Structures are given as C-alpha cells and as structure tokens.
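Chain naming here is simple, since letters A, B, ... match the order of the sequence lines and numbering starts at 1 in each. All of these numbers come straight from a predicted model, not from anything done at the bench.
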Number of protein chains: 2
Amino acid sequence: MAARRRAVVRSAAPDVKPGRIRQAQESTILEAAEKVFARAGFAGASMSELALAAGLPKSTLHYYFGTKEALHRAVLANILELWLEGIEAIQPDAEPREALTRYIHHKMRLTAERPDASRVFANELLHGAPQIGDILRGEMRSLVRRKARVIEGWIRAGRMAPVDPLHLFFSLWAMTQTYADFEAQITAVLGTQLGPRAMHRAGSHVESFVLRACGLLEQAERGQ
Amino acid sequence: MAARRRAVVRSAAPDVKPGRIRQAQESTILEAAEKVFARAGFAGASMSELALAAGLPKSTLHYYFGTKEALHRAVLANILELWLEGIEAIQPDAEPREALTRYIHHKMRLTAERPDASRVFANELLHGAPQIGDILRGEMRSLVRRKARVIEGWIRAGRMAPVDPLHLFFSLWAMTQTYADFEAQITAVLGTQLGPRAMHRAGSHVESFVLRACGLLEQAERGQ
DNA sequence: GTCTATAAGTTGATAGAC
DNA sequence: GTCTATCAACTTATAGAC
C-alpha cells in the first residue's frame, strides 16, 4: 500500500529523496554480488545465483545494472576505492617506521574485514584485469609512483634501508592479501580457521618482517 | 597410412610401447589446458576452447579425461608436484642464508618460467581449493610443518632472527607468486612488460628483502 | 582411436503483464 | 518499479559412423 502510494506520488512530484529506493536496492545487490563473485569468480557466478543471493528476481538485477559485466564492474569500482585509501599514510615528513606500520595495519584490517572484496579484486587481476586495466594504468599507476618517490626520498636521506620502492609495494600487497585470497592454503597448513587471533598473529608477523627488511627495527627489538 | 598400419599392428600385438599415443595426446591436451585455464579460470574455460587450443575435437578431450573437472584436476596434479619441489633446500644442517636463497630463486624461476601454472593454482586456491583441498590438508601440510621445524631449529640455535616459520612460508610464497598471479597489476604500475630483466630485478629484491627480514644480511651488505 | 552430429541442460538477457 | 515466462545461444557430454 505504502509502496503504491509512493509510486503515484513520485510520478507526480517526488517529495521523498529521488532514487532512494534505487540506492537501497543497488546496495543490496552489490553486497550480495561481492560475496557470490568472491566465491565463484566472474564466469562461475550465474545471474540466477546472484539474484538468489540478493533475494530478488533475476530481471530486477538486469533492470538496475543492465548486464552481468556492468554489475561486476560496479562491484570492482567499490573495491578499488578501498584499495587506494590507506596509502596516504606515506608522506615525505612522516616517520618511515610509523607510516609503514600504519599502512600495513590498514591493509591487514581490510584483508580481515573484507576478504571477499580482496578475492573479487584478485580474481580480476588473475585474469588480466579486463575490466579495470585502464584504471590500474592510469590513476593507480600515478598514485603508486608518487608514493614510491616519497620512499626514495626516505632512502636517500638515510632514514631506511635501500629497498626498491615499487617492489616494496608489490611485496607488501602480496603478503597482506594472501591471508584473504589464498585462505584455503593457509588454513590447510595452519590446521585452524583464520579467526581474529590468527589474523592478529599474521599482522604482527608482516609488520616485523617488513620493518626488519627496511632496516627499521633495531637489533634489540628483533627478539620481540 | 602409417597411422593406419600402427593401429592394425597394435590391435593384434603391440610391439610399440603401449600407451605411447595416449601419453603424447594427454601431454598435448594438458599443456594447452594449462594455458586456457590460466587465462579464463575453471568456469570461464569451455571445452570447445580447450579443444581448439589443443588442436583436437572436443570429444577427444572427453575420451581421454572424461569430464572437464577431471581434466582440470589433472592439470592441478601436474602443478602440485612443481610446487612442493624446491622446499627440500631447507635442511637442518644447511646454511640458512644459502638454503633460503636457493628456495627463493627456485620459486622465482618457477614463477618466471611457468606463470600459467602459478595462475591455475592461484585460481584454485582463490575459490577455496575444491579440487585439491585434501592434498593441501594432507601431504602439503605435513611437508610444510616439517620444514617449519627445521627453521625453528635454526632460530633456537641463533642462526637467524626469530621469524614465525609458517608465516615466513606464506610471505615467501605470496611475494614470489605475485609476479605471475597479479602480473596485470605489476605491469600496470611498472609501465613495462615483465621481461627477463624485470624478473631478475624482482628476484634480487625478494632475496635481499627476505634475507634482511631474517637477519641474514650484514649491515655492510645492505647497500648492494 | 577419432570425429561428426546431437542430446539435454543451463546461461544471459528481454518482453510484457501487473 | 517488479516479476513471470520465455528466448536464442551456448554449455557439457555422449552416441555411433568411420
């Protein structure tokens, strides 16, 4: 009843915020889609499965996003934002040790809290980034290279060991994301699920591993 | 003509090594399948595509492997062997620095020479290891834990910094495989293809990064 | 052993009633 | 805006001629 009235009102003069329903529906669909795409990949997820997960009929998904590919792109766009976020900790006048520690923990938190996002992103990269290649070669490339120059500055100033900055990023991303992307392998080897305790241990490992590799942990601290 | 004669001979009394044709055909199919599965994933690869890549009709693939899933399992089995190979460098009486260096370069060589194998493996892990989960929780788990105890021994003997051995493996695998699995991201950031020169640079980075993190590089060597 | 032809089912997408 | 019913295309797998 309420829905009917609203529809009538909107077609005449929308007194409720326009697109409110659309926004809510799209969020529902995107949230469900992230889960399904993470588990099955783009090709392995069917529109029926995506619709079932969202609790809506298939055609409603087509109504909002047009094609399966467009829905996938929308999921990826959401994720890319998260991705390029924490890197801002790396600033010329920041303390290298503190900046790297913050960035690592940002990445580890993301991995722990949004593992499905990580997996959707990994799947896209694994298959050659057909949907987001342009963004990677554009925005992302320039952002990362700008941050690499900051690290180069730290090295020239003798504030950390000489580590190739771009490869430092590659290693950092790989070490953190592996706990989401390859969780199956890690739980198999550990023999336990990746709960909060295991993820905390993983975070400590990555932090001290990277800091030591960058010459940012004193001898005395090595035994921690 | 030769093929016809061979067929007649075999049906009577096979004087040629039996299964020779089978072996050759299976190799052809497996090699092509690794490439196709790497690019498209399991769900994204169709039998027609796999057949086209192998230069054979679809039904021949079914004749040799039965189902698409069985073919995929066969590809994975080939890869798992490669995977568990180089870890034998880690022996109690080996020099930690030399052993780790050898293992890293083994992994990097594999990544450079068989990127498609790495990608098929990554795709399987990414989707929860439905086909090889048993092997991971069995053979692989016990092998890796055995090697972790070797590293624990090195640490107790003060021969390297105290690094969690299992997490050391996770980091090592992630840092090396990222150059195959997420090549799209890496080439986007580098702005160049991953040729032999770039892979050599990557190998040097991973080696010094890990050795420094394990306290196996002297101060004087840091500037290399 | 090899391949053409086809069966049986699933897919992404849409038309059209409500 | 929503959903049922349906389409054409494509999927894996197999039967059966050669």
Side-chain angles (χ1 to χ4, degrees), chain A residues 1-14 16-29 32-33 36-37 40-75 130-131, chain B residues 1-29 32-33 36-37 40-75 131:
Chain A
M1 194 189 75
R4 171 182 283 277
R5 193 163 64 84
R6 220 191 299 137
V8 170
V9 167
R10 174 131 33 83
S11 66
V16 289
K17 199 155 137 213
R20 222 178 97 256
I21 295 174
R22 168 169 281 267
Q23 216 171 351
Q25 292 279 58
E26 286 184 351
S27 299
T28 304
I29 295 168
V36 175
F37 280 134
F42 174 75
S46 71
M47 287 299 281
S48 348
E49 202 182 348
L50 289 160
L52 188 74
L56 292 166
K58 244 181 9 162
S59 45
T60 300
L61 273 64
H62 279 292
Y63 172 74
Y64 281 109
F65 290 95
T67 67
K68 179 179 161 183
E69 203 178 282
L71 172 54
H72 190 240
R73 252 198 308 274
V75 172
Q131 319 250 5
Chain B
M1 197 187 74
R4 170 181 286 274
R5 192 163 64 83
R6 220 193 297 139
V8 170
V9 168
R10 173 130 35 82
S11 66
D15 57 355
V16 289
K17 197 153 136 215
R20 224 178 97 254
I21 295 175
R22 168 169 280 269
Q23 217 172 349
Q25 292 277 58
E26 286 185 350
S27 301
T28 304
I29 294 168
V36 175
F37 280 134
F42 174 74
S46 72
M47 288 299 279
S48 351
E49 201 182 349
L50 289 159
L52 187 74
L56 292 166
K58 246 179 10 162
S59 45
T60 301
L61 274 64
H62 279 292
Y63 173 74
Y64 281 109
F65 290 95
T67 67
K68 178 180 161 183
E69 202 177 281
L71 172 55
H72 189 240
R73 252 197 307 274
V75 172
Q131 319 251 3

Residue pair B:T67 / B:H62: nearest heavy atoms and the distance that separates them: CA-ND1, 4.4 Å
Here the distance between atom C1' of C:dT11 and atom CD of A:E69, to the nearest Å, is 15 Å
Hey, mind stepping through A:Y63 and A:R22 against side chain to side chain contact (heavy atoms under 4.5 Å, CB included) and telling me if it holds? CA-CA 10 Å; A:Y63 172 74; A:R22 168 169 281 267; 4.1 Å; yes
Could you pick out which residue, B:K58 or B:G55, lies toward the 5' side of DNA chain C when each is mapped onto its nearest nucleotide? B:G55
Determine whether B:H72 and B:F65 satisfy the following criterion, side chain to side chain contact (heavy atoms under 4.5 Å, CB included), listing intermediate values before the conclusion. CA-CA 9 Å; B:H72 189 240; B:F65 290 95; over 6 Å; no
Inter-axis angle, terminal five-pair segments of the helix from C:dG1-D:dC18 to C:dC18-D:dG1 [nearest 10°]: 0°
Heavy-atom pair of closest approach, residues B:A51 and B:P57: CB-C, 3.9 Å
Please find the pair of heavy atoms, one from A:A33 and one from A:L50, that lie closest to each other, and give the distance. CA-CD2, 3.7 Å
Out of curiosity, B:Q23 CD to B:T28 OG1, how far, rounded to the nearest 0.5 Å? 11.0 Å
Shortest side-chain distance from A:L56, nucleotide among D:dC3, D:dT12, D:dG1: D:dC3
Just call it for A:A43: base, sugar-phosphate, or nothing, with non-hydrogen atoms closer than 4.0 Å on any strand. nothing
Whole-Å distance between D:dA13 P and B:K68 NZ? 8 Å
Could you check how far CD of B:E49 sits from C1' of D:dC10, rounded to whole Å? 13 Å
Where along residues 59-67 of chain B does a heavy atom come under 4.0 Å from DNA chain D, residue by residue in number order? B:S59, B:H62, B:T67
When rounded to whole Å, the CE to P distance for the pair B:M47 and C:dA5 reads 19 Å
Taking only the side-chain heavy atoms of B:P57 (C-beta and beyond), determine which of C:dG1, C:dC3, D:dT12 contains the nearest atom. C:dC3
Describe the nucleic acid contact of B:A70 in one word from base, sugar-phosphate, nothing, applying a heavy-atom distance below 4.0 Å. nothing
Between D:dA13 (C1') and B:L71 (CG): distance, integer Å: 14 Å
Rounded at 0.5 Å granularity, tell me how far NZ in B:K68 sits from CE in B:M47. 8.0 Å
Heavy-atom closest pair, residues B:A45 and B:V36: CB-CG1, 3.7 Å
Can you classify the ring geometry of A:F42 versus A:F37 as parallel (below 30°), tilted (30 to 60°) or perpendicular (above 60°)? parallel
